[in-house]
Student: 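Before we start, here is the structure in question, set down as structure tokens.
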Amino acid sequence: MNNPHHLNPTSLKSRFTTRFLRALTKIRAQKPISSSSPTEIFRRYRRIKVAADKSMAYSVRSRRIWSKAMLWKLRSRSYRRQDPCSGRRSGKTNQAIMKKSSNENTTTRREDGVGFVEEADELRQLVPGGETMNLCNLLDETAHYIKCLTTQVQVMKKIADFYSF
């Protein structure tokens, strides 16, 4: 009945795996590895990392602040690469978008607790979009982000194991 070897098509892991494998296929088709120079290896690493991040953020959809922030960052980086001479910026900044999307009553850092200010600030730097969140939302988003990163690592390990025969 419920085969553990098949993924639920609506699960996060399944959505991520499908998107990531498609992205890897596109990367492979774009340009075969012509050399093993450090520069070429780094470029390929960056493409794979961006594909993994983008696949995960799209798999979560726009339900989470961190996924919205990550997609915004990837899109803005992509636009800058396409037209570096334009010098135009979007009317909204990343922080403005995240503040609008969080729909929360923001609290000051003093209300978050004096002992946690430094730790919360460090966490805000690690979680995409975290700089605009109050402590409660930051912890919730962090837990979900860690779950997604764990899923990402599991899928990447399975892919590596599959191809390392």
Student: State yes or no: do Leu135 and Ile65 share one hydrophobic cluster built from I, L, V, M, F, W and Y residues joined by side-chain heavy-atom distances below 4.5 Å, directly or via other members?
Tutor: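 The answer is yes; both residues are in one hydrophobic cluster.
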
Student: Running the 4.5 Å side-chain criterion over Ile, Leu, Val, Met, Phe, Trp and Tyr, what cluster does Ile41 land in, apart from itself?
Tutor: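 Traced through the cluster, Ile41 reaches no other member.
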
Student: Whether the side chain of Thr25 engages the backbone of Leu21 through a donor-acceptor N/O pair (distance < 3.5 Å, no angle test) should be reported.
Tutor: yes

Student: Check whether Leu71 and Tyr145 end up in the same hydrophobic cluster, where Ile, Leu, Val, Met, Phe, Trp and Tyr are linked by side-chain heavy atoms less than 4.5 Å apart.
Tutor: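 No; Tyr145 is not reachable from Leu71 via cluster members.
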
Student: Any chance you could pull the hydrophobic cluster mates of Tyr45, using side-chain heavy atoms under 4.5 angstrom and chaining through other members?
Tutor: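 Its cluster mates, by chain and number, are Phe42.
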
Student: Clusters formed by hydrophobic residues whose side-chain heavy atoms approach within less than 4.5 Å: which one holds Leu126, and what are its other members?
Tutor: none

Student: A side-chain contact here means heavy atoms from C-beta on lying under 4.5 Å apart; do Glu40 and Arg43 qualify?
Tutor: yes

Student: Please check if the side chain of Arg124 supplies one atom and the backbone of Met133 the other of a donor-acceptor pair under 3.5 Å.
Tutor: yes

Student: When you compare the side chain of Leu149 with that of Met56, does any pair of heavy atoms fall below 4.5 Å?
Tutor: no

Student: Side-chain donor-acceptor contacts of residues 153-165 below 3.5 Å, not counting sequence neighbours, with atom names and distances?
Tutor:
from, atom 1, to, atom 2, distance (Å)
Gln154, OE1, Lys13, NZ, 3.0
Ser164, OG, Ala160, O, 3.1
Ser164, OG, Asp161, O, 3.1

Student: I'd like to check the salt bridge (Lys or Arg N to Asp or Glu O under 4.0 Å) partners of Arg64; sequence neighbours left out, ordered by chain and number.
Tutor: Asp140, Glu141

Student: Under the side-chain contact (heavy atoms from CB on, under 4.5 Å) rule, collect the residues that match up with Arg61, sequence neighbours excluded.
Tutor: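 Arg15, Arg63.
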
